[in-house]
*Asks:* 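Have a look at the structure that comes next, please.
For the single chain, residues carry numbers from 1 onward in sequence order.
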Amino acid sequence: MSRRQRFIWRNSSAGKRRLLPAGRLRGERFAGRSRRAWIGFLLPSLAGVLVFVLLPFLDVIRRSFLTAVTEEWTGVRNYKLVLANQAFRLAVGNTVRFTFVCLPLLIGISLYLSVLLSRLKKMQLIKSLFLFPLAMPAATVVLIWKMLFSGPGFLNGWLAGLGLLAEGQLPDYMGSRAAFWVLVFSYLWKNLGYTMILWLAGIFSVPAELTEAARVDGATQRQCFWRVVFPNLKGSLYTITVLSFLNSFKVFREAYLVAGSYPHESMYLLQHLFNNWFVNLELDKMAASAVLVGTVLFAVILLLQRLWDQDERI
């Protein structure tokens, strides 16, 4: 150590003072600033979330306790009106049913197809085609729906050609209880490719040495998947479940363009109800229902996170 090196007194954790080289102290200060540098990167996004998400939602919570026009305090009156509303109950029932039907179908079908496609050698060439449904404009999707599922549409033409429909019998699928399954089909068609890409990313991230070692030990292809690959896909499964759950609330646009504000009751979802309340300026009911739905969504996501954390600890 050079004689000309500067030393600085510094208090140690034991309460005693000790000498430290000035260069070392400056290095510790720089390291401390580096560890706090992430705050500067997060501040813009945090400010955006605060201004455009949290503050508006807090205002929605405030409005849920007021009247729509005069903004007089009503307490929980708006919540009682919403919970007693028949249209709200119908929309909640259809939305819950739609979610419970679509999520298992989407996750199961996409996982099965992803496992099959992961064995192809030229997988990268067809990967971009999976996102094609997401890139299609909503107007194009609506046109396809009408061409397929209307009374004189292609589906009835095919069924009549196969002799499955009587002559002159042309059911309108969007005007019957089959409208719900048309909505399910549209959701699966639109989100299947995107979900498959997420599964494929998880499958390709599993080290090939693990499956090769299992095959050497005599495991079959099915056993390799369920005992080796699938346990390493739990992170992907959580992400896919949450994204699919949130995307199930985004099917309103196509349904609205096809059937309007008041479709068949089997496909009358919460988004239809919110749109009708907004048009009628019933903002107090809309605010109360938005708080209820947001609370349920947040609770479901926290529940899924807790289930996944407990599973990983086991």
Side-chain angles (χ1 to χ4, degrees), residues 87 90-117 120 126-200 240 243-276:
L90 175 64
V92 169
N94 288 336
T95 303
V96 171
R97 180 190 175 199
F98 178 80
T99 302
F100 274 92
V101 169
C102 288
L103 283 188
L105 288 176
L106 178 64
I107 294 173
I109 295 174
S110 60
L111 177 60
Y112 177 74
L113 295 177
S114 299
V115 173
L116 295 180
L117 292 174
L120 299 179
I126 61 175
K127 225 180 206 184
S128 58
L129 297 178
F130 296 157
L131 298 178
F132 180 71
L134 290 177
M136 289 188 64
T140 305
V141 177
V142 170
L143 180 61
I144 294 174
W145 277 33
K146 291 183 177 180
M147 292 173 62
L148 281 176
F149 301 110
S150 63
F154 290 132
L155 181 59
N156 285 334
W158 295 333
L159 294 177
L162 295 174
L164 300 178
L165 286 179
E167 186 177 354
Q169 183 183 1
L170 298 175
D172 184 9
Y173 299 98
M174 300 304 299
S176 63
R177 301 195 68 85
F180 174 82
W181 298 105
V182 174
L183 198 63
V184 170
F185 170 79
S186 173
Y187 172 81
L188 295 177
W189 173 80
K190 188 173 184 179
N191 294 279
L192 187 61
Y194 173 71
T195 309
M196 287 171 60
I197 290 180
L198 296 179
W199 278 125
L200 287 170
I240 290 171
L243 290 178
S244 301
F245 176 68
L246 296 178
N247 287 335
S248 65
F249 289 84
K250 298 179 181 180
V251 296
F252 164 71
R253 182 173 53 182
E254 290 84 358
Y256 177 78
L257 292 176
V258 170
S261 301
Y262 299 95
H264 190 269
E265 63 177 15
S266 63
M267 63 181 298
Y268 188 78
L269 304 176
L270 281 170
Q271 294 90 334
H272 291 94
L273 182 64
F274 289 163
N275 179 75
N276 295 332

*Asks:* Would you please test Q271 and N275 for side-chain contact (heavy atoms from CB on, under 4.5 Å) and show each step?
*Replies:* CA-CA 6 Å; Q271 294 90 334; N275 179 75; over 6 Å; no
*Asks:* Find the distance between CE (M196) and CG (L117) and round it off to the nearest 0.5 Å.
*Replies:* 4.5 Å
*Asks:* Tell me every residue that passes side-chain hydrogen bond (donor to acceptor under 3.5 Å, both in side chains) with T195, counting only those two or more places apart in sequence or in another chain.
*Replies:*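 In terms of side-chain hydrogen bond (donor to acceptor under 3.5 Å, both in side chains), with neighbours along the sequence ignored, T195 is linked to no residue.
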*Asks:* Is there a donor-acceptor pair closer than 3.5 Å between any side-chain N or O of N94 and the backbone N or O of E265?
*Replies:*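 Side chain of N94 to backbone of E265: a pair is present.
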*Asks:* Answer whether the closest heavy-atom distance between the side chains of F154 and F149 falls below 4.5 Å.
*Replies:* no
*Asks:* Once rounded to the nearest 0.5 Å, what's the spacing between atom CD1 of I240 and atom CD1 of I197?
*Replies:* 11.0 Å
*Asks:* What residues form a side-chain contact (heavy atoms from CB on, under 4.5 Å) with V184, not counting sequence neighbours?
*Replies:*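 In terms of side-chain contact (heavy atoms from CB on, under 4.5 Å), with neighbours along the sequence ignored, V184 is linked to F98, V101, C102, L105, F180, W181, L188.
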*Asks:* Could you work out, with side-chain hydrogen bond (donor to acceptor under 3.5 Å, both in side chains) as the rule, every residue matching Y187, not counting sequence neighbours?
*Replies:* none
*Asks:* Return all side-chain donor-acceptor pairs below 3.5 angstrom for residues 155-166, not counting sequence neighbours, or 'none' if the list is empty.
*Replies:*
residue	atom	partner	partner atom	Å
N156	OD1	Y173	OH	2.8
N156	ND2	S150	O	3.3
N156	ND2	G151	O	2.6
N156	ND2	P171	O	2.9

*Asks:* Sequence neighbours excluded, which residues qualify as salt bridge (charged side-chain N to carboxylate O under 4.0 Å, His left out) partners of R97?
*Replies:* none
*Asks:* Should L113 and W199 count as side-chain neighbours, where that means a heavy-atom distance under 4.5 Å?
*Replies:* no
*Asks:* Quick one: CG on L106 to NZ on K190, what's the gap to the nearest 0.5 Å?
*Replies:* 13.0 Å
*Asks:* Closest heavy-atom contact between S114 and S110?
*Replies:*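 In this case the closest contact between S114 and S110 is OG-O, 2.6 Å.
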*Asks:* Under 3.5 Å, is there a donor-acceptor pair between the side chain of N247 and the main chain of L243?
*Replies:*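 Checked: pair present.
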*Asks:* Taking side-chain hydrogen bond (donor to acceptor under 3.5 Å, both in side chains) as the test, write out the residues that go with S266, two or more places apart.
*Replies:*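 So S266 forms a side-chain hydrogen bond (donor to acceptor under 3.5 Å, both in side chains) with H264.
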*Asks:* Is the number of heavy atoms from other residues, nucleotides or ligands within 6.0 Å of CZ (F245) greater than 12?
*Replies:*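 Buried by this count: over 12 neighbours within 6.0 Å.
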*Asks:* With rounding to the nearest 0.5 Å, note down the distance linking CG in L148 to CG in L143.
*Replies:*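 Spacing of CG (L148) from CG (L143) equals 9.5 Å.
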